[in-house]
Structures are given as C-alpha cells and as structure tokens.
Amino acid sequence: MQYAQVLINLPFDKKYTYSFSTDMRPEKGDRVIVPFGKKNRKGIIINVQKELPDGVDAEKIKNIEKLYPEYFRLTEFQFEIARRIWRYYLSSYSQALFTVAGAFKPVRIKKKKLTSNPYTPFLLNKEQESCVREFNESDNNIFLLHGVTGSGKTEVYFELISQVLKNKKQILFLLPEISLTPQLLKRFCDRFGEDICVFNSSLSNGERNYAFKAFKDGKVRILLGTRSAVFLPAQDLGLIIIDEEHENTFKQQDTPCYDARMIANWRVELEEVRLVMGSATPRMESFYKARRNIIKLLSLEKRADNRKMPEVNTVTMGETDKVSKNISRRLYNSINESLQRREQVLIFINRRGYSSFVMCQACNEVIRCINCNISLNYHKKLDRLLCHYCGYTKRLPEACGECGEPELKLIGSGTEKLEDELSKLFPEKNIFRVDKDTSSKKDFYFDFFEKMKQRKIDILIGTQMIGKGFDFPYVTLSSVLCADFILDFPDFRSAERTMQLLIQVAGRSGRGIEGKVIIQSYAPDHYAVESAVRHSYQYFYEKEIESRKIMRFPPFISLVRLILRAKDKRNLFSSSREIVRILKESLPAKDILGPAEAPISYIKGRHRFNILLKLSSNRKKYYKVIRNILENNYKGVDIKIDVDPVDMF
DNA sequence: TCCTTGGTGATT
DNA sequence: ATCACCAAGGAG
Ligand SMILES: [Zn+2]
Ligand SMILES: [Zn+2]
C-alpha cells in the first residue's frame, strides 16, 4: 500500500494523507483533486511513501480523485520559489506553493493562433546601441533601463531578445496590465514571428495549459505575461524583462502579497538569467540601487529619432479663468488648437463615474456606503450611487436622509462628468472614455486601439489606464486635470506616485508629431509637478531621497504592514493594542508605527487598523515576533501581513 | 418553542 | 477555507 501526503490550499500547513488506485503513479510535485470535507479540492503532493504516517487513522483515508497530467508536476525550482515566498512574505507554505503552481484546470490544451507581418528591424540609435553594449559588457545580471518617455526602450528590449534567441534561450517579458498586451504582442509577432505565447487571465483554461506546457518544454521561446507569469517554469531561461517596472500591479494585494519584481530577482539567483527592469519613472528603490551600483543603470536620455520632449505648462487652479468646471481657458484653447490640426488629445482624470460624492444642500450630510466608511459615487449612466470598494449600489434618494432636504449637490468630478463637459464644449468631436466601467467589455482594447489608430477618436479621456505606456503617434496634447489628488494621500509615496503619473501622462504627447502638455494643479510649485515640467526624473529623485532618509522610509529601511480586520471595533482596538504591546517587548519603539485606523477605516463590513514595522537590520528578529503573533489567536480578528507594501489602504 | 447568530472543531 | 454542530438569546 502507498500513501500520498497532500497539501491543500489553506492558510495553515497541515499534510493530509490519501491513497490512490493502482493505475495511478503519483509523485512528489504532482497536482491532484482530492475529496476534502464536503467537496473536492485542489492539492499538491509533497511526498509519496509506503508507511502510513503516525497519528493518521487508516479508516479515514480516501482515494485521490484525479491526477493532473505529468507536465503540471512541480519542479524543484518551483518548490524553491515557494519556500522563499513562505519565508519572506510570511504566508503559509501551502498558500505559497499554490501561488507558485498557478491556477490551472486539467482540461485539453488548446493553441492560440497568432499572425505576423515580418519587417526588417530598424537600426538602433547611438544611445540605444550603447545600452546594449553596456548590457553585454557588464558583470552585473540585474539592470535598470531608465529611458525618458518615447526614447525607444522597446527597441532596446528587442535587440536584447534577439541576442538571447540566437543563443537558443528563452525570454520572459512581464508587463503591468493585460490592456497593454495587444499593442505589444503585435510588435513582438512582427519582429520575431510566431515563436511567442501570451500568458494572462484573459486566456481560456485550454490556452493557459498550452502556454504553460510550451514554455516549460522550451517549445515556445518568448512569453509575454502579467504578474503571475513570473512563476512559469522554463526549459532554458536567458532573460527576464519587466516593463514599466514602477507599476504597483506587480505587487499582489492578497496573501501571499508577493512582488513579481522580487521573484524575478530570485530567479536571477537560481537560474542563469539576466533581468532588465525598464521605466521612465523607476521606483525610488530601484534608482537608489542603481546609483549604488547594486544593479547596473542603462540610460536613454533623449527621445528616439530626434523627437523633442513636449513642452509642459502648468495652470494654477483657483487663480485661472475657467470655461467649465474642470477645464481652464488655457487648456480649452490648447484642445482647440490640436483638434483644428486634426490631431488627438488625451485627458487624465483620477475618478470614474459622474461625481465622487453627493451632499445635502442644507445640512452638508454626505451619502455614505453602508458597508464602508467612504462616500458613494454617482454614476450617471447607471443613474445609481455606487461604492467603488465593495460594489454596494442604491438609487439616488429623493431627499436627504438626515434632514429631508430635497436639494442634493453632486460634488467632485469623474470621467462621466468630464465626458459631459467636453461634449458640450466640442459637440461635433468624437469623445471616447476609458475606465473600469467601459473597458470590461470583451475586445474593448482591440476596438479602442483601432479607433485611435484610424483617428476616429478626437479626445480620449480616462483614468489610470490611459497613462500606461501606450504609443499613439497623433496625440499632440495631454493633460492632467488635477495633479494634486495623490499628494493628499496619507502615504509616504504620494509624491513619488504623483511624479510618476505626471511624467507618464506627459509622455503620451508628441510621440509622432511635436506636442505639448498642460498640468492643472493647485500646487504647481511642488517638486513632483516641477520634475514633470523639467522632464527630469533625477530632479525629483534628489529631493525625495533626502526626505526618505530623514523620515526613515524605503529605500533606507524595509516595511512590513500588519492589517487587522474585525467586525467589532472595540475588539479590534483592544487586540491591536495587545499586538503592539507584544511587538514592543522585543522591538525598538521607533520601529513600530501604530496601531492607526486605516485611511479607509471600514471596508466591506469590517473595521481596519494598520500597524507598520520599520525593519532596519536583523530581519530575523522582526520576523520571529511576527510569526509568534500569527500563531496566537485573536478571536474575531483577521491579520493580514504585507511585506514591502506598495500602499497603505 | 423556533429560529437566527456566533464560537468551536475537524477536514486525511 | 468551509461546513456541521452546539449554545445562547430574541421574537412569538
Ligand atoms: Zn440634509
Ligand atoms: Zn462599500
């Protein structure tokens, strides 16, 4: 008789023992479906043995229900990555292992068809060439490619990729969002033919399985994927590229809160791989490492093809003349100029929906979500109020719930409101909106790119997603309507995030034809705004790094955030105090921040508290205390651990 | 008395 | 995580 010890995807690490039918040959690393409690669950075999393990009742043992095909068997490499996640990100080992293994269903593989129109590659310019040369000559295996927007980072990537292909090795290319895939995939196919595969959550189960197997077997040499693709095993990996490395989407928000950029670093240690991270606005952490030669800096300081950087102007809101609620006279005139030349305009606004809150005219009461401590947003298209944190929705009430006043004001503008404003100002122009509400439709991005390319869109408005690395040559004006909104966030990275947004949005303008940028701001003198005006990332970096040093924030220390959640606020408060008391017993008080109410103190019916730990040295000491706390049981309180958090919400 | 709610324990 | 079980407490 043989027994398989199986881990189930649970927040604790207990091995369960199963038997199996004689025609099955399961081995360590095999993925299985097993009966567990009332229903079947996914499992991973961590051991197969002849003896029944101690303390297991032979009567209770059930048979493995289903064995995944052999190509899904986890490799030693995958086990090692899981071990590192478990240790570094403080999750359970089984959560780490399941994260590395990925979500697959044992269905028939299905190949996705691709088409390509091959062309002769362009010659690199001097700067691009010297990046490639420095890459080849460096002893370092990790690189930061810092290139201004429009400097042709992709051309450098392509040259590095073609070198790796000549050596018959594989390439893993990560990008922050699915929405960037279609545009880039086309460029990849045209350059490298059909030796390429996509891996992200838009694939069907069969297509995912094909991509997994093909890359693992070395049948496909280039893989283009999002965050979770960083775990894909390869036959012979030569290069990992992380494009737009500053994007927070590389960090997973639920347990284990891993960072794909960290996993890629680990792969450099484990495999014979080099890593290139590219951005016009790198994370402070990355640039700091580059400055200290821990990683090698490659720079592109000019736009490709002698194209000029767009001229950036600021408009001081509150002092300036406006043509409508969100549009200054200056911006209006510039939009007109671009449109008269039949060019395109791109406008960024931070919120979706119509208005961000509804306030009573008489008593100033704001309508809030019943599950969250946050105002409800009004969506005109739905004609309903909507919570952006939990999805709660209700009709706009006839009158104020507090005082009965029938007049309610809509305050704070979103994409829908801006769409309204612009269609009144430019009634005969085509205005197109991109946000979470419009982009959920299938093939949305495909249609959107086609329309942009064929200039069927005159004014493009959108949230975060329009600032992310798109290349639209006819955009000659880009604008941020309110540059300051992030600056008010209670987060030490708010200035960095503002700088990144402004430089990225500015970077969408003037990529084909000379263009300009207008930033509307209440604080145009802030160094984050100033850095965008000067097109100088370094200007920002020098100022920000000083403040990080003085304030003891990354990159000078590491952070671990404990997020405590509970239904009962009193209980949460006393548990938080108790946890901080335990922390203070073995850690210096200056390294413990909190407990503090989270910026959004109540989400989905749970109150939230944050405790922030600053780890300067001796990581082990801190981890030991945290592990101890996780082993205690604070009833009714859920503790989530976020190592190297990218936000504080 | 019936029914909802919260805490506890087990899952192989 | 998920589910069953049991005890407690409130409405009828
Ligand atoms: Zn009122
Ligand atoms: Zn809500």
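Below, chain A is the first sequence line, B the second, and so on; all start at residue 1.
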**Item:** Nearest-Å distance for atom pair OH/P, residues A:Tyr18 and B:dT11
**Value:** 11 Å
**Asked** Can you tell me how far P of B:dT12 sits from CD1 of A:Ile46, to the nearest Å?
**Response** 17 Å
**Value in whole Å for how far the P atom of B:dG6 lies from CG of A:Asp638** = 16 Å
**Item:** Atom-to-atom span, CG of A:Asn40 to C1' of B:dT11 - whole angstrom
**Value:** 13 Å
**Prompt:** Nearest-Å distance, OH (A:Tyr634) to P (B:dG7)?
**Reply:** 17 Å
Might you list the N or O atoms of the protein lying below 3.5 Å from N or O atoms in nucleotides 1-4 of chain C, with each pair's distance?
unit_1 : atom_1 : unit_2  : atom_2 : d
C:dC3  : OP1    : A:Lys39 : NZ     : 3.1

**Message:** Quick check on ring-ring contact (aromatic ring centres under 6.0 Å, His included): which of A:Trp266, A:Tyr88, A:Phe231, A:Phe250 does A:Tyr258 satisfy it with?
**Reply:** A:Phe231
**Asked** Atom CG of A:Asn633 to atom C1' of B:dG9: distance rounded to whole Å?
**Response** 12 Å
**Request:** Please name all residues satisfying side-chain contact (heavy atoms from CB on, under 4.5 Å) with A:Asn63, sequence neighbours left out, ordered by chain then number.
**Result:** A:Ser19
**Fill in**
A:Lys569 and A:Glu597 have their tightest heavy-atom pair at NZ-OE2, 3.0 Å
**Asked** To the nearest angstrom, how far is A:Lys14 atom NZ from B:dT12 atom C1'?
**Response** 7 Å
**Request:** Starting from the C-alpha separation in whole Å, work towards a yes-or-no answer on side-chain contact (heavy atoms from CB on, under 4.5 Å) for A:Tyr210 and A:Lys112.
**Result:** CA-CA 8 Å; A:Tyr210 171 76; A:Lys112 205 179 167 88; 5.9 Å; no
**Message:** With a 4.0 Å cutoff (strictly under), does any side-chain N or O of A:Lys60 reach OP1 or OP2 of B:dT11?
**Reply:** yes
**Asked** To the nearest angstrom, how far is A:Gln2 atom CD from B:dT12 atom C1'?
**Response** 17 Å
**Request:** For A:Arg368 and A:Asn373, test the side chains for any donor-to-acceptor distance below 3.5 angstrom and give the result as yes or no.
**Result:** yes
**Message:** Is the distance between the ring centroids of A:Phe215 and A:Phe199 under 6.0 Å?
**Reply:** no
